[in-house]
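The block underneath contains the structure these notes are about, expressed in structure tokens.
These values consider heavy atoms only, across backbone and side chains, with no hydrogens, waters or symmetry-generated copies. Atoms within a ligand are numbered from 1 in the order they appear, just like the ligands themselves.
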Amino acid sequence: MQIRRPDTLAQALEAKAADPGAMPLAGGTDLMVAINFRRARPDSVLDLMAIPELREWASDGARVRVGAGVTYTRLIRELGDLLPGLAIASRTVGSPQIRNRGTVGGNLGTASPAGDGLPPLYTAGAHVELASVRGTRRVPVARFVTGPKRTCMEPDELITAFDLAAAAGPQQFAKVGTRNAMVIAVCSVSLALWPEQRRVAACVGSAGPTPLVATEAEEFIAGALDWDGGRPVGEDVLARFGELVGACARPIDDVRGTARYRTHAVGVLARRTLRWAWEARA
Ligand SMILES: Cc1cc2nc3c(=O)[nH]c(=O)nc-3n(C[C@H](O)[C@H](O)[C@H](O)COP(=O)(O)OP(=O)(O)OC[C@H]3O[C@@H](n4cnc5c(N)ncnc54)[C@H](O)[C@@H]3O)c2cc1C
């Protein structure tokens with residue numbers, strides 16, 4: 001196996017153009033597991049961790065651009081105020097060791113329906129930045145993820161960054177797992193309030209082939225909340241919101257949980273995250 005470790009993004013893009021089959025390696029917390037279990041046998045690996053451009057983030061106050069190589073640990077430490085939903089989700093990923101190595105860029109690269117970094121990207125209108133020697137393009141995250149572990153990335157492209165709206169209101173993320181830590185989500189919900197737009201964004205993770213935006217639930221709750229007065233959300237409204245978020249799930253039965261349980265749990269998480277976020281706004 002050939003391993004290349006470019007020092008700059010330009011070198012990495014040249015290397016990927018010359019050898020499109022080369023597998024990018026960021027933190028390696030997915031890729032090394034795949035190699036160790038013989039699910040992946042790449043002839044060549046492109047180690048991206050020495051590239052400074054991929055480890056940078058910047059914000060103009062309205063949006064935040066995060067390099068694909070920023071680790072979960074850094075996201076939690078440095079971006080908790082600007083991107084609270086993504087930071088909360090990052091805290092649930094693996095263990096400190098995994099969070100020290102793992103990146104949202106890698107989570108996007110794997111595009112697992114259970115990727116905890118993905119739903120907060122949907123609720124904050126994220127775009128994924130893809131670069132090659134041919135140029136750079138930005139793709140909305142919902143178009144980037146095309147199916148379970150499938151993306152629209154071309155063989156010569158690398159994920160260089162993602163950008164998303166900075167929080168303008170409370171955000172939440174909650175996941176159900178079979179234990180408290182080091183666990184793949186049975187299901188998850190990401191929720192963001194955008195009070196100026198009188199909008200709630202909700203996305204379900206690990207209960208369908210890709211993260212799923214709960215459009216009908218979003219429309220219902222935007223009209224049901226007391227945006228001016230801030231009255232507590234009524235139990236009937238919470239129940240209906242949970243029902244509608246649960247209805248958007250397209251879960252399967254697998255070793256982690258049954259489809260019926262997932263639909264129920266998604267509804268519970270939706271009610272919980274909405275209540276937490278609404279109370280934090282008051
Ligand atoms: C013990 C353990 C616990 C875990 N717990 C969780 C969890 O709770 N939640 C969760 O979501 N995940 C979890 N994971 C999975 C993993 O940590 C995450 O998916 C992580 O985000 C992967 O990031 P990485 O930087 O390590 O990616 P890598 O393993 O380096 O790469 C992952 C994939 O993305 C591709 N890739 C990486 N960077 C780029 C790039 N810049 N451009 C193009 N393609 C790229 C790689 O080729 C590979 O296909 C866990 C893994 C382990 C081993």
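Inclusion of L31 in the set of residues having an N or O under 3.5 Å from an N or O of ligand 1 is warranted.
With a 4.0 Å cut-off on non-hydrogen atoms, M182 touches ligand 1 through its side chain and not its backbone. Residue-level proximity to ligand 1 for T29 is carried by backbone and side chain together, each with a heavy atom below 4.0 angstrom. Contacts between V33 and ligand 1 below 4.0 angstrom, taking non-hydrogen atoms only, involve the side chain exclusively. By the criterion of a heavy-atom distance under 4.0 Å, the backbone of V183, and not its side chain, is placed next to ligand 1. Residue contacts with ligand 1 for E157 are absent, since no atom lies close enough (heavy atoms, distance under 4.0 Å). Neither the backbone nor the side chain of K16 has a heavy atom within less than 4.0 Å of ligand 1.
Ranking protein heavy atoms by distance to atom 28 (P) of ligand 1, first place goes to G28 N, 3.5 Å. Looking from atom 41 (N) of ligand 1 to the surrounding protein, the closest heavy atom is I159 O, 2.9 Å. Of the protein's non-hydrogen atoms, P24 O, 4.1 Å is the one closest to atom 48 (C) of ligand 1. With hydrogens left out, the protein atom closest to atom 12 (N) of ligand 1 is N107 ND2, 4.0 Å, a heavy atom. Nearest protein heavy-atom contact of atom 10 (C) of ligand 1 is D116 OD2, 3.7 Å. Taking atom 34 (O) of ligand 1 as the reference point, the nearest protein heavy-atom neighbour is G109 CA, 3.3 Å. Looking only at heavy atoms of the protein, atom 49 (O) of ligand 1 is closest to M23 CE, 4.3 Å. Nearest protein heavy-atom neighbour of atom 14 (N) of ligand 1: D30 OD1, 4.5 Å.
The closest approach between a heavy atom of K175 and any atom of ligand 1 is below 4.0 Å.
Per-residue contacts place G94 under 4.0 angstrom from the following atoms of ligand 1 (heavy atoms of the residue considered): 3 (C), 4 (C), 5 (N), 6 (C), 7 (C), 8 (O). The T92 neighbourhood of ligand 1 comprises atoms 8 (O), with distances under 4.0 Å to a heavy atom of that residue. Interface atoms of ligand 1 facing A26, defined by a heavy-atom separation under 4.0 Å, are 25 (O), 30 (O), 37 (C), 38 (N). The atoms of ligand 1 that sit less than 4.0 Å from any heavy atom of L25 are 30 (O). Counting the atoms of ligand 1 from 1 in the order shown, those under 4.0 Å from a heavy atom of G27 are 24 (P), 25 (O), 26 (O), 30 (O). Annotation for ligand 1: atoms under 4.0 Å from non-hydrogen atoms of Y72 are 20 (C), 21 (O). Annotation for ligand 1: atoms under 4.0 Å from non-hydrogen atoms of I98 are 1 (C), 2 (C), 17 (O), 52 (C), 53 (C). Annotation for ligand 1: atoms under 4.0 Å from non-hydrogen atoms of T110 are 32 (C), 33 (C), 34 (O).
Looking only at side-chain heavy atoms (C-beta outward), P148 and P209 come within less than 4.5 Å of each other. Inter-residue side-chain proximity for I159 and V128 is flagged as met; some heavy-atom pair is nearer than 4.5 Å.
One hydrophobic cluster, built from ILVMFWY side chains closer than 4.5 Å, cannot hold both L121 and L193; they sit in different ones. The hydrophobic cluster containing L274 also contains V189, counting ILVMFWY residues as joined when their side-chain heavy atoms lie under 4.5 angstrom apart, directly or transitively.
Note that CD of E218 and SG of C203 are 8.5 Å apart. Values are rounded to the nearest 0.5 Å. Residue L25 holds its CG atom at 5.5 Å from CG of L31, rounded to the nearest 0.5 Å. To the nearest 0.5 Å, atom CG of residue D116 and atom CD1 of residue I88 are 12.5 Å apart.
With hydrogens and angles ignored, the 3.5 Å screen pairs no side-chain donor or acceptor of Q172 with any backbone N or O of A277. Of the possible polar contacts, one joining the D254 side chain to the G257 backbone as a donor-acceptor pair under 3.5 Å is found. Between the T73 side chain and the R99 main chain, a donor and an acceptor come within less than 3.5 Å of each other.
The existence of a salt bridge linking R240 and E235 is excluded, since no basic side-chain nitrogen approaches an acidic carboxylate oxygen closer than 4.0 Å. Ionic pairing of R4 and D19 is present here: one or more N-O contacts between side-chain nitrogen and carboxylate oxygen are shorter than 4.0 angstrom.
Nearest to atom 37 (C) of ligand 1 by heavy atom, out of G106, S95, A68, is G106.
Legend: ring-ring contact (aromatic ring centres under 6.0 Å, His included) pairs involving residues 204-245, not counting sequence neighbours, sorted by first then second residue: W227-W278. Note on residues 55-73: pairs passing salt bridge (Lys or Arg N to Asp or Glu O under 4.0 Å), not counting sequence neighbours, are R63-D163, R65-E129.
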What's the verdict on side chain to side chain donor-acceptor pair (under 3.5 Å) for S190 and T123, showing C-alpha distance, side-chain angles and the deciding distance?
CA-CA 7 Å; S190 171; T123 50; 3.0 Å; yes

